[in-house]
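Note on naming: letters A, B, ... go to the chains in the order of the sequence lines (proteins, then strands), and numbering restarts at 1 for each one. Side-chain atoms are counted along with the backbone in the values below, which use heavy atoms only and exclude waters and symmetry mates.
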Protein chains: 4
Amino acid sequence: MNSAVIDKREKILKAALNLFTERGFHNTPTSLIAKEAGVATGTLFHHFKNKEELINRLYLDLKKQKMNALIEAVDETASLQEKLKSMWINGVQWGIMHPKEFQFVMQYSNSPFISHLTKEQAMGEYQSTFCLFEQAISDGLIKPAYPEFVADYFEGIFNLAVSHFRKYPEKISEENLDLAFDMCWNGIARVLES
Amino acid sequence: MNSAVIDKREKILKAALNLFTERGFHNTPTSLIAKEAGVATGTLFHHFKNKEELINRLYLDLKKQKMNALIEAVDETASLQEKLKSMWINGVQWGIMHPKEFQFVMQYSNSPFISHLTKEQAMGEYQSTFCLFEQAISDGLIKPAYPEFVADYFEGIFNLAVSHFRKYPEKISEENLDLAFDMCWNGIARVLES
Amino acid sequence: MNSAVIDKREKILKAALNLFTERGFHNTPTSLIAKEAGVATGTLFHHFKNKEELINRLYLDLKKQKMNALIEAVDETASLQEKLKSMWINGVQWGIMHPKEFQFVMQYSNSPFISHLTKEQAMGEYQSTFCLFEQAISDGLIKPAYPEFVADYFEGIFNLAVSHFRKYPEKISEENLDLAFDMCWNGIARVLES
Amino acid sequence: MNSAVIDKREKILKAALNLFTERGFHNTPTSLIAKEAGVATGTLFHHFKNKEELINRLYLDLKKQKMNALIEAVDETASLQEKLKSMWINGVQWGIMHPKEFQFVMQYSNSPFISHLTKEQAMGEYQSTFCLFEQAISDGLIKPAYPEFVADYFEGIFNLAVSHFRKYPEKISEENLDLAFDMCWNGIARVLES
DNA sequence: AATGAATGAGCATTCATTCAT
DNA sequence: CATGAATGAATGCTCATTCAT
């Protein structure tokens, strides 16, 4: 009983994810989502107050999944640089293996469809990661550029790398993932004077 | 009369740019564009076959403007690195001074609203720039990563930099522009062993 | 258990009365009635076949209450004029003390939501009162206008008086109730030549 | 051209009047109004911002018609009582000849569908009539009951009379109209002591 | 009896596009 | 070329009612 209920909710979210990434938010009728989910139109509105709540709910769920993927199995005893690299690799792999989820989160991060409140909630999950950058700067591990830029930069290249590997799947290899991280990192890292 | 005609066409394009960036394509009725442009609803369809043609036309115009801004006043006799830096700085400055135009081009570059044909035409403008990267790689000026990644990387960080400066306008300064380029470049540049 | 059942039924009727008078029939979802009654949506349909039956049932209940209020404690030995005045005063007082109930009965008396059958049943209760008018006419107590008009007139002014006192509660006083009846009555009563 | 435009607007208003009085506001889909008016659904919303504006517009139009009917051809030189009687007779005749219009105005006068603003505008038209009552009271022509009640009373019986004659059309005659007015009036008029 | 998730027909409203003037 | 009234398919959302538990 309960599982059937959750099932429908999940099916709606899944269908919404597929359709939103394929067709965009405004070009995806709720009726189509319901149809794709194998559910009546009214059912969608039983689970989500309206279309906007659906998209916000979806965004929050996926953002959380992404963040969980980042920190999964990161060796707590490793060095800061190694931690960041692990997270980067984890994240890129998650992005490659969950293309829709990744695209959705990236595409709607700056979208007006996502409410301010949702963005704040999502940002909360990000906080712990952000601390790592601050620490890396104070440790002298990375360039002393102001932290806002570092954060934008890091996430930007991260997204860029995933997008790239989705565009050229044949380029995916451990070597190229390392290369991508290296290009990112050597743009941040303090160049040690010899 | 002729100038009045051009006027209306321009006004429509201008209104469309403002509205598309503020509200998105699907959330911008043609009637609103017409109203904002001070023109009758029918007039829009005299100048553009339909809404899609309008957006494609707009995209192409702006992409061309952006490309022209890049190569403007680049010293032909300068070194390759200096040329690339000039273009970068030019581009970032254009992006800062034309926020709507920049956002529109970036936002819709990967959008399904832009037809394949339009994208190809736009890509044509990019060709000459792309050559510079190939040359830079073969010159040993930048890392021998495969050129597709370099191109994505370069453009990605470029967009990232502009977005960043739009988010934090108080950070705009010659110094920070240089810093941004430096962070980009030292992620690409071969690190010379001492 | 049985009392709990009755309780729910009563709660539904009570909630329906409040909501129907505040928002109208069509603007009151059954789900809202259920919610306001503290009951599941399905429960409403256990007690009433459908929304229409609910409203008809409610109408009949309230009409009966109103009629009972009219004849309550009327002195059987009093004169006809005194009886009618007692009923009038009783009725106005009931209307003042049961504003929702009064409004509902008045509002839906001519409404298509109330079925023909229901109206006839309700009219049955009215019959005995109607006889009084016929008698009053034949007694020469009131003007020899045809009885249909007298009945409409009497009830019309009655409703009017209640509505008036609900609009201006500060005007409620024994004196003004008498005044209202007097205005009603002297429009009916044969003016005796001196 | 212009006449065609007005035509459609008028047709919509007319269809709306018929349907609203027959089926009520909430039970009348805009699609049905459009259909009945021989017009596309969109056309309705071209002329009226939404359903609510349509009903408010309609109310205002009809209220104005009713008021105009009241004061039409009233002899300015006649006595106050004669003036009021003329208006009463005019009004009842208008109500009889325009049953839908009359019912609509009466039915929605106290309805929440009519906005406060609309009611105020409509009340404005009523002002001059209201003055007549004040004058009649100060002239000692009618009972010195407080004017709010007199106004409610007068209008109430007026509506009542029209409703009555619509229910019993066979009772319509000059004689009965006079009778109805007489019953109204002798409930107001000061009974002169002999 | 009671529950509340599910249903899907129905509704108000929007909007790209047309076309007579 | 320009206008803007008219169109009607499409869409987000509501709600009375059902039914498995």
To the nearest Å, how far apart are B:Lys8 NZ and F:dT3 C1'? 9 Å
Nearest-angstrom distance from the residue atom CG of A:Leu54 to P of F:dT11: 16 Å
Out of E:dA6, F:dG8, E:dT7, minimum distance to the side chain of A:His47 belongs to E:dA6
Ignoring the backbone of C:His46, work out which of F:dT7, F:dT3, E:dA2 is nearest its side chain. E:dA2
Taking side chain to side chain donor-acceptor pair (under 3.5 Å) as the test, write out the residues that go with A:Asn50, two or more places apart. none
All N/O donor-acceptor pairs, side-chain side in residues 24-44 of chain B, below 3.5 Å, sequence neighbours left out:
{"residue": "B:Thr28", "atom": "OG1", "partner": "B:Leu19", "partner atom": "O", "Å": "3.4"}
{"residue": "B:Thr28", "atom": "OG1", "partner": "B:Gly24", "partner atom": "O", "Å": "2.6"}
{"residue": "B:Thr43", "atom": "OG1", "partner": "B:Ala40", "partner atom": "O", "Å": "3.4"}

Quick one: list whatever passes side chain to side chain contact (heavy atoms under 4.5 Å, CB included) with C:Lys64, sequence neighbours left out. C:Asn68, C:Glu125
List in chain and number order the residues that pass side chain to side chain contact (heavy atoms under 4.5 Å, CB included) with A:Gln103, two or more places apart in sequence or in another chain; answer none if no residue qualifies. A:Thr21, A:Gln107, A:Arg166
Output one line per pair: protein atom, nucleotide atom from nucleotides 14-17 of chain E, and distance, for all N/O pairs under 3.5 Å.
{"residue": "E:dA16", "atom": "OP1", "partner": "B:Lys51", "partner atom": "NZ", "Å": "2.8"}
{"residue": "E:dA16", "atom": "OP2", "partner": "B:Thr30", "partner atom": "N", "Å": "2.5"}
{"residue": "E:dA16", "atom": "OP2", "partner": "B:Thr30", "partner atom": "OG1", "Å": "2.8"}
{"residue": "E:dT17", "atom": "OP2", "partner": "B:Lys51", "partner atom": "N", "Å": "3.0"}

Tell which nucleotide pairs with E:dT21, taking only Watson-Crick or G-U wobble pairs whose two distances are both under 3.5 angstrom. F:dA2
My understanding is that a pair needs two contacts under 3.5 Å, Watson-Crick or G-U wobble. By that rule, which nucleotide pairs with F:dA9? E:dT14
First of C:Leu32 and B:Thr43 reached from the 5' end of DNA chain F, by closest nucleotide: B:Thr43
Output side-chain donor-acceptor pairs under 3.5 Å for residues 112-119 of chain B, partner residues at least two apart or in another chain, one line each.
{"residue": "B:Ser115", "atom": "OG", "partner": "B:Asn56", "partner atom": "OD1", "Å": "3.4"}
{"residue": "B:Ser115", "atom": "OG", "partner": "B:Thr118", "partner atom": "N", "Å": "3.1"}
{"residue": "B:Ser115", "atom": "OG", "partner": "B:Thr118", "partner atom": "OG1", "Å": "2.9"}
{"residue": "B:Thr118", "atom": "OG1", "partner": "B:Asn56", "partner atom": "OD1", "Å": "2.6"}
{"residue": "B:Lys119", "atom": "NZ", "partner": "B:Ser111", "partner atom": "O", "Å": "3.1"}

